[in-house]
Amino acid sequence: MTAMPRVTFHPDSRTVDVRPGERLLTAAWKAGVGIKSVCGGRGKCGSCLVEIDATATGADALTPLSAGEQALLPIGDEHPGYRLACLCDIRADVALSVPPESQAVRSAPRKPYTVTHVAPRPIVARVHAEVPGPYSEPLLPLADRLQAAIARAARRKSVELPVQAVAEYSARPGFDGVREVTATLYRERRVLDIVPGRADALYGVAIDIGTTSIAAFLCDLARGEIIGMRAAGNPQAIYGEDVISRMTHIQKDSEALAEMRGLLVAELNRLIEEIVLEAGISALDIVDAVAVGNPSMQHILLGVNPEPLGRGPYVPVWAAGVELDAEQIGLRVLPRARVFVLPSIAGYIGGDTLAAVLTRGPEFYRGTHLLVDVGTNGEVVLAHNGELTATSCATGPVYEGAHIRCGVRAAAGAIERVWVEPGGRIRWAAIREDSGKGDPRPVGMCGSGVISSVAALVASGLIGEDGALAGPDLHPQLRGKEHGRAEELVLVTAPYARTGRDIVLTQQDVRSVQLGKSALRAGIEILLAERGVTEIDRIYLAGTFGNHLEPDDIVKIGLVPPVPVERIRSIGNAAGDGARMALFNRNHRRRAASLARKIRVLELTTRADFQDLFVTHTALAPSPAAFEMA
């Protein structure tokens, strides 16, 4: 029997055995190695760049380089071992490394959150009960005595006591002689867990699932406090940076949905394990959970096929809020802990947007306010005179650093700000390690760095309002076309970059920014026109990306209507904040259901004026709002 080729991924030395002829990108998926795949493995983007270790890989271990692959590889002879993981098949043992700019999920993204007090009224509660002894009259089975004692303590006529809860309790030493127990009740009527003695601590977890990143918050439900938080890249990114790529894989492979769900749940369990270890508790102490995400992510979490979201009329398979046991999802917390998944509003407006709206107080409903969440998809909610209208725009993953030649996630080493000094010198600032140590050299640009660089270069005249880079004679860091490649501006030269390659902003990068910002702005303008808005009181920027944008930058390039910058406010990871609100206080779950019914959705695919507005707002300039042009 012929031995299966073995693939080794450095620097972690992860290995996987594969069938001869298997794609290198597929091998990475199986090994749990995150490689960017912006185009979903279709050989279109060049983002899955890897470096083959020639000393440990035979000359014929991979299929030969094709002309199509060659065209997508970096130009130059300094790194001859580069290949694209989606375009080469494995024939024999291979060893390789994944450059920082090609890594999809290695670094935990920044997930800012707001520490706000929420009056605790959790949906679960601890009840202390005195259990009669076995000889108490009348003689009753222990389960009946437990059930009656818990009901008395909870001041209820009866409670539901699942046999699983009794079975687990009976596994404890001396269980039948215990006279005082603590029961965890769900909605005051269903017993989730029974432990001997008194236990007062009550823990829950709030989960925010984004296309690009995920976050988990361990919370003390009795005190209304955050105990710990962890974030990571969404491991589904190995199937593509955007939801359409992932849907395409599900359509082609019947097992892909289960694989994506498994990757997601495994990563959530890893985050939960880290948080509880740090907090000094058991994961079984987590007795409640709330999850939010965009519609595609919520479908995948629930094991529901999201394919219909990728084609007209873009209607979800499941939109209602739902509660189910943690063990049904595979979360390693108390098995009977209930997981509440917030409702979706429409095909591309999910529980994450609803959770963000939950965080807004009464002032949001007075006057005119915009809530804008910019990511791989752009969601916009307009509050005008107490009524809510929402829409979504396909901005693409450019704002997460994808579809950008040197784009990376917002993690240590990512350039997040660019400016041009009066003398013309181009400066930049990169995200540092939390410790303040580590290699200070950059690895690429994250989304906010891309926007910052475009805004700075437009302001200095190095990029025109039409998005065209200036000629190479205008600045020494501008490079003209060569070898058929588009013009580019060198932000960091190879010796000063951690990757050993120039970090550049290309003409195509600028076009990608224009496309994303035009789609979002067109959606905003349609919302404003539909509701007859004449003035915006405030714009709230939600999400990780929005939190790190400079208001002046987004006004300069026309990403939002030209309001005074003091009216633009970043509100951090509002989706995660809203999820915690629903975890701490059950009333917010009812509010979420009510809001989902009340929010009017404006579907842009049916609007004849969208394309005209899209074209109008491609200019990188603070273009006037629709009401200003009327």
Side-chain angles (χ1 to χ4, degrees), residues 107-116 206-217 226 229-234 292-294 350 352-361 364 369-381 393 395 397-402 404 407-418 429-434 445-455 513 516-517 520 524 538-557 559-560 563 565-581:
S107 300
R110 297 181 296 176
K111 297 289 282 187
Y113 60 91
T114 306
V115 180
T116 55
I207 296 167
D208 173 23
I209 307 168
T211 307
T212 303
S213 58
I214 58 178
F217 302 85
I226 302 170
M229 179 264 186
R230 286 291 187 279
N234 188 329
V292 303
N294 63 53
D352 52 354
T353 302
L354 193 60
V357 176
L358 273 181
T359 66
R360 300 300 88 208
F364 185 67
H369 297 82
L370 273 178
L371 189 153
V372 183
D373 189 347
V374 187
T376 51
N377 199 56
E379 295 89 24
V380 185
V381 180
C393 326
T395 54
V398 58
Y399 296 127
E400 305 284 0
I404 298 297
V408 295
R409 296 281 170 79
I415 294 174
E416 63 175 342
R417 184 168 170 251
V418 175
I431 301 170
R432 300 295 301 272
E433 298 281 357
D434 291 338
M445 289 183 289
C446 63
S448 58
V450 174
I451 295 297
S452 178
S453 62
V454 170
V513 171
K517 88 100 182 175
L520 181 67
I524 291 174
R538 188 174 289 278
I539 297 175
Y540 298 96
L541 300 177
T544 305
F545 175 65
N547 194 68
H548 296 283
L549 288 175
E550 290 291 334
D552 192 48
D553 288 343
I554 63 175
V555 170
K556 280 180 182 176
I557 67 170
L559 184 69
V560 296
V563 301
V565 292
E566 59 270 16
R567 294 190 188 181
I568 302 176
R569 177 185 166 196
S570 296
I571 58 174
N573 179 17
D577 296 344
R580 291 197 309 278
M581 290 173 66

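Worth knowing before you read on, the calculation uses all heavy atoms, side chains too, and leaves out hydrogens, waters and symmetry mates. The model shown is predicted, which means the values in this text are computed figures rather than measured ones.
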Looking at Gly210, is its backbone amide N or carbonyl O close enough to the side chain of Ser213 to form a donor-acceptor pair, meaning the two atoms are under 3.5 Å apart? no
For Ala574 versus Thr359, what's the shortest heavy-atom pair and its separation? O-CG2, 3.5 Å
Could you go through the side-chain contact (heavy atoms from CB on, under 4.5 Å) check for Thr353 and Val381 one step at a time? CA-CA 8 Å; Thr353 302; Val381 180; 3.6 Å; yes
Distance (rounded to the nearest 0.5 Å) between Ser570 OG and Leu549 CG: 7.0 Å
Ser453 vs Met445 side-chain heavy atoms within contact, under 4.5 Å: yes
d(Glu416 CD, Glu550 CD) to nearest 0.5 Å is 9.0 Å
Minimum heavy-atom distance between Arg580 and Ala206, given as atom pair plus value: CG-CB, 3.6 Å
With sequence neighbours left out, the residues meeting side chain to side chain contact (heavy atoms under 4.5 Å, CB included) with Ala575 are Asp208, Val292, Asp352, Asn573
Of all the heavy-atom pairs spanning Ala355 and Ala579, show the shortest one and how long it is. CB-N, 4.0 Å
Do the non-hydrogen side-chain atoms of Arg567 and Ile539 ever get within less than 4.5 Å of each other? no
Between Val372 and Leu520, does a side-chain contact (heavy atoms from CB on, under 4.5 Å) hold up when you go through it step by step? CA-CA 9 Å; Val372 183; Leu520 181 67; 4.1 Å; yes
Of all heavy-atom pairs between Val563 and Val555, which one has the smallest distance, and what is that distance? O-CG2, 4.0 Å
Would you compute the distance between atom NZ of Lys556 and atom OG of Ser452 and round it to the nearest 0.5 angstrom? 9.0 Å
Quick one: CD1 on Ile571 to CG on Asp577, what's the gap to the nearest 0.5 Å? 8.0 Å
From the list Ile554, Leu371, Leu559, Asp373, side chain to side chain contact (heavy atoms under 4.5 Å, CB included) with Leu541 holds only for Ile554
Please evaluate residues Ile214 and Asn234 with respect to the criterion side-chain contact (heavy atoms from CB on, under 4.5 Å), reporting the C-alpha separation (whole Å), side-chain torsions for both, the decisive distance (0.1 Å), and the verdict. CA-CA 6 Å; Ile214 58 178; Asn234 188 329; 4.2 Å; yes
Check side chain to side chain contact (heavy atoms under 4.5 Å, CB included) between Arg538 and all other residues, then give those that pass, not counting sequence neighbours. His369, Tyr540, Arg569
So how far is it from Lys517 NZ to Ile524 CD1, rounded to the nearest 0.5 Å? 10.0 Å
Hydrogens and angles aside, do Asn294 and Thr211 bring a side-chain donor and acceptor to less than 3.5 Å of each other? yes
Any side-chain heavy-atom pair of Leu370 and Val560 under 4.5 Å: no
